[in-house]
Amino acid sequence: MSSNSLLVFVRLVPIISSTSSLWYAWDQYEQISLFRHAEMRSLSNQLLPRYFTAFFNRGAPRVLGLLATTAVSCGAILRYSPAALVRDSGAFPWYVAGISLAAAHLAWAPSILPLKNAIERDAKDKNVVHLERRLRLHVWRSLTVDLGAWICCIVATVKTFP
């Protein structure tokens with residue numbers, strides 16, 4: 001792989017990781033939403049504690065990995081790319097915004113984690129209610145910081161290409 005090809009690939013990493021993060025958020029919504037169906041509510045209240053424990057123990061490292069990849073790759077591009085490539089092209093503020101929005105995903109944790117924890121501790125007949133509240137927050141987080149990071153990474157990358 002030539003040096004130029006490597007630089008192109010490195011500039012694509014934030015798009016790849018933020019796309020994966022956004023896709024994972026959508027998949028998470030689709031999978032967890034199945035527990036909200038009225039005809040499954042009673043069974044869902046029983047299954048959710050075990051499901052959430054397994055789901056989040058496996059999913060959290062993936063999410064954190066994708067967020068870290070987005071933030072670190074944007075930061076590396078800012079740090080190691082020639083100034084003309086990043087600043088003169090107008091990509092700099094977009095990369096900074098991409099880093100900020102990827103990190104802002106974690107700012108939602110104080111709102112979401114108590115709902116996750118309540119379900120994992122088995123809130124009995126309130127598990128689906130907690131799930132619905134958690135999904136509303138998940139959608140807002142996905143549409144603000146996750147989608148925003150993705151858009152910023154795309155704009156930043158496009159601006160660095162001639």
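These numbers come from a predicted model, not from an experiment. Starting from 1, each residue takes its place in the sequence as its number.
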Answer with yes or no whether the hydrophobic clustering places L47 together with M40; edges join I, L, V, M, F, W, Y residues whose side-chain heavy atoms lie under 4.5 Å apart. no
Once rounded to the nearest 0.5 Å, what's the spacing between atom CG of L101 and atom CG of L147? 9.5 Å
Donor-acceptor side-chain pairing of W150 and D146 below 3.5 angstrom: no
Let's go through T19 and I154 carefully: what are the C-alpha distance in whole Å and the side-chain angles of both, what is the deciding distance for side-chain contact (heavy atoms from CB on, under 4.5 Å) to 0.1 Å, and is it a yes or a no? CA-CA 9 Å; T19 299; I154 289 173; 5.6 Å; no
Does some side-chain heavy atom of K116 sit less than 4.5 Å from a side-chain heavy atom of I119? no
Are I99 and L78 packed together at the side-chain level, in the sense that at least one heavy-atom pair is separated by less than 4.5 angstrom? yes
Okay, side chain of S21, backbone of S17: is any donor-acceptor separation there less than 3.5 Å? no
Would N57 and T53 satisfy side-chain contact (heavy atoms from CB on, under 4.5 Å), going step by step from the backbone distance to the final call? CA-CA 6 Å; N57 286 344; T53 300; 3.6 Å; yes
Looking at E120 and R134, is any side-chain nitrogen of the basic one under 4.0 Å from a carboxylate oxygen of the acidic one? no
Decide yes or no on side-chain contact (heavy atoms from CB on, under 4.5 Å) for I32 and H138, but give the supporting numbers first. CA-CA 11 Å; I32 296 175; H138 176 80; over 6 Å; no
Test side-chain contact (heavy atoms from CB on, under 4.5 Å) on L131 and F52 and set out the steps. CA-CA 10 Å; L131 174 70; F52 257 51; 3.5 Å; yes
Can you tell me if R50 has over 12 outside heavy atoms packed within less than 6.0 Å of its CZ? no
